[in-house]
Amino acid sequence: MEARHWREHLPAGSVFRVEDLTARRSLTAAWAEVWGANPSAPLIYDVGAGTEARWVTAGEFEERTRLAAARFVALGLQAGDRVLWSTGSSLDAVVANVGILRAGLVAVPANAAYTSRELGHIVTDVRPAAAVVDHPDRARWVTEAATSPLVVLSVDLQAVGGGGNQPTPATREDGSPRGRTLDASSPEDPALIAYTSGTTGAPKGAVLTHGNILANSESVALTWRWQSDDRLVHALPIFHGHGLCVALYTSLLRGSSVVLLPRFDADAVLDAAAAHRATLFFGVPTMYHRLAASLRVGELSRLRLAVSGSAPLAADLHRRIGELASTAVLERYGMTETLMTISNPYDGDRRPGTVGFGFPGVDVRLDGEEILVRGPTVFAGYFERPAATAEKMDDGWFHTGDLAQLEDGYVAIMGRSSDLIVSGGYNVYPVEVEDILLLHPSVAEVAVTGTPSDEWGEAVTAWVVPDGPPPTREDLAAFTADLLAPYKRPRLLHIVDALPRNAMGKVRRVDLH
Ligand code: MLC
Ligand code: AMP
């Protein structure tokens, strides 16, 4: 079964070929062209850490990212080397990321809330040549986990640890690196390795090419009618596809402007939108839940477009915001491995409870109930895991593991074929949490599920068969503090006598509710 054709997204009368999505070869080449054409345009509003808040222009950003690229080259990093990048939102962090890409290096984003165990896994797996982190603990964890030489840098790119090669005098007079042409990556060159877990095993690195991230930004911009005079309030974490590839990279491609907030807060978002006359806001459903609970929710009507993604937006929350703020939130769907694939239309009916149909150039079909997608944003594969890649790819089609029905050609997500929990837009793998909880001396057996929650979408829930006196939620929270990022820790705890099992002895999570 097929969803509506992506041509329905195109503006009336427009001429579009799928090849157009990658015609500019790489995002960095396209960015440099856009910034060069209008260097005085405001690009990023830096709320400043200890400095005065101000607009950074396209020309200034181009220069700063060129110098950042030169810094990486000066450290001896070679094109294709991997750079771990784990930091909260700040102008410096964005400059570092863009500098990595402009120098032809591969950025490896990692959640800044990860514990040493979680970050250590990525470091061991991806063997970065350098790391950019914004906290001394993370600098230490990265250094301790490294199995090959690496240099650890703060977000302003000062060396704070590790070894690595000696810096060489490396910049020309204009600040560009010697011996390296900037923005020279080809569409098939890797740009990002984004870690994401399957249903089993540890997180795997999804390799996204320059062609993937360019096609994603081109199709998002086209579909949502993104123009250079748009202004985005950015309150998403910058280390995941939503905040990085959709929000930030596409703003940079259009040469439009971004107000970069360090974290989400409903009042701060609405204040920033009012103060800077913003036109765009992107969020996960938990953010819309909090905005809808604010007396100021009506202010969303001043935006040109509010987009929701990363988790299901409940149809009644969608309708409530429509009534309170006279705005139809546009819901879209994507994944780390495929970037953005399905969207409600900009012009036309944005249907609550559905994610719409394929972005321009993305083919979507259902195999039974499972969503399959194919197109220029689908990744190159999992880093050094051909078997895992082969399991997911079938003749160019990526198996998403998400289940859906078609309603009048619109995709309505019904669930997942796996036990993945999505809490506030973050993925949580029950097996990972279970493995950690089993280490607690009072836990004999455990199963982890997601309980429906208005605020979080799903709340991580532990079902524990105790060994001796039952543990409390606080016991488990304290125990997991150094082992699991906060969003993976159980919010709900049920003490039970036994877990439901099938004839094979496997726990039936579906029976736990
Ligand atoms: C924070 N907490 C969470 C949580 N986020 N718990 C469960 N699930 C989450 N997602 C914890 C905090 O650590 C804290 O724990 C407690 O909840 C309350 O914190 P808070 O201050 O109220 O939360 P806040 O920091 O405001 O975070 C909520 C949030 C955040 C919604 C702003 O989770 C967020 O930014 N989510 C976006 C995730 C995202 O970008 N996903 C995109 C993936 S890419 P304690 O113990 O201290 O009380 C992707 C592809 C695609 O999926 O399609 O986009
Ligand atoms: P991630 O691997 O972190 O990128 O998460 C991708 C997963 O988020 C998808 O497989 C879906 O399960 C979920 N997801 C993303 N967007 C939506 C949406 N609009 N509705 C429902 N689920 C979504």
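Residue numbers run from 1 in the order of the sequence given. Note that this is a predicted model, so its numbers are computed, not measured. Both ligands and their constituent atoms are indexed starting at 1 by order of listing.
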Practice item. Determine whether Tyr333 and Thr341 make a side-chain contact, defined as any pair of heavy atoms from C-beta on separated by less than 4.5 Å. Key: yes

Check your understanding: Who's the nearest protein heavy-atom neighbour of atom 4 (C) of ligand 1, and how far?
Key -> Trp456 CZ3, 3.3 Å

Review point. Applying a 4.0 Å heavy-atom criterion (strictly less than), which segment of Arg489 is in contact with ligand 1: side chain, backbone, both, or neither?
Key: neither

Practice item. Measure the distance from atom 10 (N) of ligand 1 to every protein heavy atom, then report the residue, atom name and distance (to 0.1 Å) of the closest one. Key: Ser423 O, 2.8 Å

**Study point:** More than 12 heavy atoms from other groups under 6.0 Å of CG on Asp265
**Key:** yes

Check your understanding: Is the gap between the ring centers of Phe281 and Tyr288 under 6.0 Å?
Key -> yes

Practice item. Look at atom 37 (C) of ligand 1 and find which of Gly309, Gly424, Gly425 reaches it with the closest heavy atom. Key: Gly424

Exercise for review: Return yes if a side-chain donor-acceptor contact under 3.5 Å exists between Thr449 and Arg509, otherwise no.
Suggested key: no

Review point. Should Phe359 and Leu222 count as side-chain neighbours, where that means a heavy-atom distance under 4.5 Å?
Key: no

**Study point:** pair Arg332-Val220: side-chain heavy atoms closer than 4.5 Å
**Key:** no

Point to revise | side chain to side chain donor-acceptor pair (under 3.5 Å) partners of residues 310-328, not counting sequence neighbours, each pair once | key: His242-Ser310

Check your understanding: Of all the atoms in ligand 1, which lie at a distance below 4.0 Å from a heavy atom belonging to Phe264?
Key -> 32 (C)

**Study point:** Exceeds 12 heavy-atom contacts within 6.0 angstrom, atom CG of Asp482
**Key:** no

Review point. Is the centre of the His9 ring less than 6.0 Å from the centre of the Tyr346 ring?
Key: no

Check your understanding: Quick one: which ligand 1 atoms are inside 4.0 Å of a heavy atom on Tyr487?
Key -> 3 (C), 4 (C), 6 (N), 7 (C), 8 (N), 9 (C)

Practice item. Please report the C-alpha distance between Tyr429 and Thr196 in whole Å, then the side-chain angles of each, then the deciding distance to 0.1 Å, and finally whether the side-chain contact (heavy atoms from CB on, under 4.5 Å) criterion is met. Key: CA-CA 10 Å; Tyr429 294 87; Thr196 177; 4.1 Å; yes

**Study point:** From the candidates Pro237, Ala485, Pro486, Ser310, the one that places a heavy atom nearest atom 54 (O) of ligand 1
**Key:** Ser310

Practice item. Answer yes or no for atom 45 (P) of ligand 1: protein heavy atom present at a distance under 4.0 Å? Key: no

**Study point:** Per-atom contacts, ligand 1 versus Met287 - under 4.0 Å to a heavy atom
**Key:** 32 (C), 35 (O)

Point to revise | Nitrogen or oxygen of Tyr426 less than 3.5 angstrom from that of ligand 1 | key: no

Study note, to complete from the structure: Counting from 1 in the order shown, the ligand 1 atoms closer than 4.0 Å to a non-hydrogen atom of His242 are 42 (C), 44 (S), 54 (O)

Exercise for review: May I ask you to list the atoms of ligand 1 that are less than 4.0 angstrom from any heavy atom of Gly334?
Suggested key: 53 (O)

**Study point:** ligand 1 atoms in contact with Thr286 (distance to a heavy atom under 4.0 Å)
**Key:** 31 (C)

Review point. What atoms in ligand 1 come closer than 4.0 Å to a heavy atom of Arg491?
Key: 2 (N), 3 (C), 6 (N), 7 (C), 11 (C), 16 (C), 17 (O)

**Study point:** Under-4.0 Å protein heavy-atom contact, atom 29 (C) of ligand 1
**Key:** no

Check your understanding: In the protein, what heavy atom is nearest to atom 53 (O) of ligand 1, and what distance, to one decimal place, separates them?
Key -> Arg332 NH1, 2.7 Å

Point to revise | Sub-6.0 Å ring centroid separation between Trp31 and Phe61 | key: no

**Study point:** Sub-4.0 Å atoms of ligand 1 with respect to non-hydrogen atoms of Arg263
**Key:** 21 (O), 24 (P), 25 (O), 26 (O)

**Study point:** Location of contacts on Arg290 toward ligand 1, heavy atoms closer than 4.0 Å
**Key:** side chain

Practice item. Flag the pair Met287 / Phe282 as yes when at least one side-chain heavy-atom distance between them is below 4.5 Å, and no otherwise. Key: no

Point to revise | Ring centroid separation Phe383 to Tyr195 under 6.0 Å | key: no

Practice item. At a heavy-atom distance under 4.0 Å, which protein residues reach ligand 2? Sort them by chain and number, would you? Key: Thr196, Ser310, Ala311, Pro312, Glu331, Arg332, Tyr333, Gly334, Met335, Thr336, Val355, Asp402, Arg416, Asn427

Exercise for review: Indicate yes or no for a side-chain donor-acceptor contact from Thr389 to the backbone of Tyr382 under 3.5 Å, with no hydrogens or angles considered.
Suggested key: yes

Review point. Is any side-chain heavy atom of Thr400 closer than 4.5 Å to a side-chain heavy atom of Val373?
Key: yes

Review point. Does the protein put a heavy atom under 4.0 Å from atom 48 (O) of ligand 1?
Key: no

